[in-house]
Amino acid sequence: MLEFTLPDMSCGHCVAAITQALAAADPQARLQFDLPQHRLAVDGGQLDEAALAAALREAGYPPA
C-alpha cells in the first residue's frame with residue numbers, strides 16, 4: 001500500500017477528480033481517502049509510487 005499526502009484535496013470534487021485520474025492511469029488500483037487528513041492510500045495497483053505521483057500532479061493534486 002502506498003500513501004500520499006495531498007494538501008490541495010479538500011472536498012468531494014477533489015476526490016472525484018483524483019479517482020478519475022488514477023482510474024485512467026491504473027484501473028487495478030483501490031483508493032482509500034481520508035479527506036480531513038488530506039491523505040490517500042493506494043492499494044493493489046500496478047503503477048509504482050513515482051508513476052502514481054506523476055498522475056496526481058497531472059490531475060492538479062501534487063503530493064507533499
Side-chain angles (χ1 to χ4, degrees):
M1 180 177 294
L2 300 171
E3 293 191 13
F4 298 93
T5 299
L6 306 173
D8 296 331
M9 179 179 71
S10 61
C11 66
H13 175 267
C14 298
V15 169
I18 292 166
T19 300
Q20 183 177 15
L22 292 185
D26 188 351
Q28 302 291 326
R30 292 186 305 273
L31 310 178
Q32 297 176 348
F33 292 92
D34 182 347
L35 197 54
Q37 297 299 317
H38 304 277
R39 292 193 184 139
L40 166 64
V42 182
D43 191 29
Q46 297 181 1
L47 295 179
D48 64 11
E49 186 172 1
L52 289 169
L56 289 166
R57 279 192 297 279
E58 277 188 36
Y61 298 93

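Count residues from 1 along the sequence. Hydrogens, waters and symmetry mates play no part in the numbers below; they use all other heavy atoms, side chains included.
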Return a table of donor-acceptor pairs under 3.5 angstrom between the side chains of residues 41-64 and protein atoms on other chains or two or more places apart.
{"unit_1": "Asp43", "atom_1": "OD2", "unit_2": "Arg30", "atom_2": "NH2", "d": "3.0"}
{"unit_1": "Asp48", "atom_1": "OD1", "unit_2": "Ala50", "atom_2": "N", "d": "3.4"}
{"unit_1": "Asp48", "atom_1": "OD1", "unit_2": "Ala51", "atom_2": "N", "d": "2.9"}

Which value, rounded to the nearest 0.5 Å, describes the distance between [X] atom [atom1] and [Y] atom [atom2]?
X     : Y     : atom1 : atom2 : result
Arg39 : Gln32 : CZ    : CD    : 13.0 Å
Leu35 : Leu6  : CG    : CG    : 10.0 Å
Ile18 : Leu40 : CD1   : CG    : 6.5 Å
Phe4  : Leu22 : CZ    : CG    : 8.0 Å

According to the side chain to side chain donor-acceptor pair (under 3.5 Å) rule, which pairs have a member within residues 1-19, sequence neighbours left out?
none
Connected hydrophobic set around Met1, excluding itself, where side chains approach under 4.5 Å
none
Salt bridge (Lys or Arg N to Asp or Glu O under 4.0 Å) pairs touching residues 10-27, sequence neighbours excluded, are none
Give me each pair satisfying salt bridge (Lys or Arg N to Asp or Glu O under 4.0 Å) with a member in residues 9-24, each pair once, sequence neighbours excluded.
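Every pair satisfying salt bridge (Lys or Arg N to Asp or Glu O under 4.0 Å) with a residue in residues 9-24: there are none.
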